[in-house]
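Worksheet for the structure shown next.
Side chains are part of it too, since the values below use all heavy atoms of this structure and drop only hydrogens, waters and symmetry mates. The sequence lines fix the lettering, A, B, ..., with proteins before strands; numbering per chain opens at 1.
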Amino acid sequence: MRPCHAMNTPSAPEGDRLPIDALLEWYDTNARDLPWRAPDASPWAVLVSEFMLQQTPVNRVLPVYESWLRRWPAPAALAAEPAGEAIREWGRLGYPRRALRLHACAGTLVELHGGEVPDDVDALLALPGVGTYTARAIAAFAYRQRVPVIDTNVRRVLTRVFDGVADSSANVTNLDLDRAKSLLPLQPERAARTSISLMELGALNCVARTPRCSDCPLATQCRWLLAGFPDNAGPVRRPQAFAGTDRQVRGLLMAVLRESPAPVPAGDLDVVWPKAAQRARALDGLVADGLVDPLPDGRFALPGVVTR
DNA sequence: TATCCGTGGAG
DNA sequence: TCTCCAAGGAT
C-alpha cells in the first residue's frame, strides 16, 4: 500500500499537481521524430505501429513498419492476401502471432468497419490483437481523444512519481487508469499530447535501469527521486529463460519457413533442432496456432500461401 | 492470475 | 558471457 493521505480530498486528484506544461515542453524539445507520429500518418498506420511495438523496440520496428505500409497502405490490401504473406513480411520482429492477429484485424476492419479503423475504444477492443493498451493508444494517437494510455513506460513513470517506488507491478490497475486520467488536460488534443509525452518520458528518461533525472520535467514532484531512489523491496521477477525452450525452437522453425519461397519438406525443419520430441512439439504448436500449414504431401508452408 | 509467446541490442 | 528488457495480448 502507498502512504495514506487521509486528509486529501477526493476532489483533488494527485495528477493536478504535475507540471503538465513543463512535460509538454520537454516533449517538444526531446521527442523522437517517428513516422507514426507524423501528421499525415493514417489511423491504419498508427494501428500497424502499435502492433509492431508490442514488446519490440522502436529501432527494430522502423524498417518493417515502412515496408509493411508501402506494401499494404490500407486494411483492405492486407486482408486481400493470405496470412502467410503477413508472417513473411513481419520478418524477425518476433512473436509472429502478432502478424497473424494484424492480418485478422485487417479482415475484421474490412468486414465490419468498411475498411476503416474505428475511433471508439470499445470497438477497437473488439478487434483481434487489440487489448487495453493498444485500443487506447489508437484512440489517443490516431484520433486525438482524451483517453488515458497506460503502457509499461507510463506505469513506471507514475509509480515512481506518485508511489516513490522504482518499479511497478506486472498488471495495469484501476489506480493507474485513474491517475493517468486525472492528470490529462480537458482539451482533447492537449490530453493526447500529454499521453504521448508521458510515454516518451518513460522511454527516453525514466527508463528501467539508469534513469536520467537531471533532464526530467517531473523531477521536482517525483517521490522516488526525493526518497533517494530506493530499490524495490518485493521478490525479484523470474528470469525469462529462452535458450533451449520451445520458444526458441518455434523461432528457428518459423525462420526456415519465412525464408523459403516454396513449401519446405519436413527434413528442412528437422535440421534446425536436434531433439526430435521437442521439435515435433514446437511444430505441432505452430500448426495449432495457425502459423504453419501442413500440406497433404507432407511439406509445410506459411498459412494460405499455397492454393490447393 | 500466471504463463506462454521471439528477437536482438545494451551494459 | 550473461542478464536484462523493449509501446502487450490471449488464455
Which nucleotide in the set [options] lies at the smallest distance from any side-chain heavy atom of [X]?
{"X": "A:Asn153", "options": "C:dG8, C:dA7, B:dA10", "answer": "C:dA7"}
{"X": "A:Arg209", "options": "B:dG6, C:dA7, B:dA10", "answer": "B:dA10"}
{"X": "A:Ala208", "options": "C:dG8, B:dG6, C:dC5", "answer": "C:dC5"}
{"X": "A:Arg101", "options": "B:dG6, C:dG9, C:dA7", "answer": "C:dG9"}
{"X": "A:Val58", "options": "B:dG6, C:dC5, C:dA7", "answer": "C:dA7"}

At less than 4.0 Å, is any side-chain N or O atom of A:Gln54 found next to OP1 or OP2 of C:dA7? Yes or no.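 No.
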
Under-4.0 Å side-chain N/O to phosphate OP1/OP2 contact, A:Thr134 with C:dA7: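 The answer is no; no side-chain N or O of A:Thr134 sits under 4.0 Å from OP1 or OP2.
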
Whole-Å distance between B:dG6 P and A:Met254 CE?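 Whole-Å distance recorded here is 8 Å.
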
Categorize [X] for me: base, sugar-phosphate, or nothing, with a 4.0 angstrom heavy-atom threshold over every strand shown.
{"X": "A:Trp36", "answer": "base"}
{"X": "A:Arg60", "answer": "base"}
{"X": "A:Arg156", "answer": "sugar-phosphate"}
{"X": "A:Leu102", "answer": "nothing"}

Taking the side chain as every heavy atom from C-beta outward, state whether A:Trp26 and A:Asn205 have any pair of such atoms under 4.5 Å apart.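 Sidechains of A:Asn205 and A:Trp26: in contact.
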
Within the modelled atom types, does a donor on one side and an acceptor on the other bring the side chain of A:Thr132 and the base of C:dG8 under 3.5 Å apart?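 Donor-acceptor pair under 3.5 Å: no.
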
For a quick check, tell me whether the side chain of A:Arg92 and the base of B:dT7 share a donor-acceptor pair closer than 3.5 Å.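 Absent.
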
With rounding to the closest Å, how many angstrom separate the P atoms on C:dA7 and B:dC4?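 Their P atoms lie roughly 23 Å apart.
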
With rounding to whole Å, what would you report as the distance between C:dT11 and B:dG6 at their P atoms?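 Between the two P atoms, the distance is 14 Å.
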
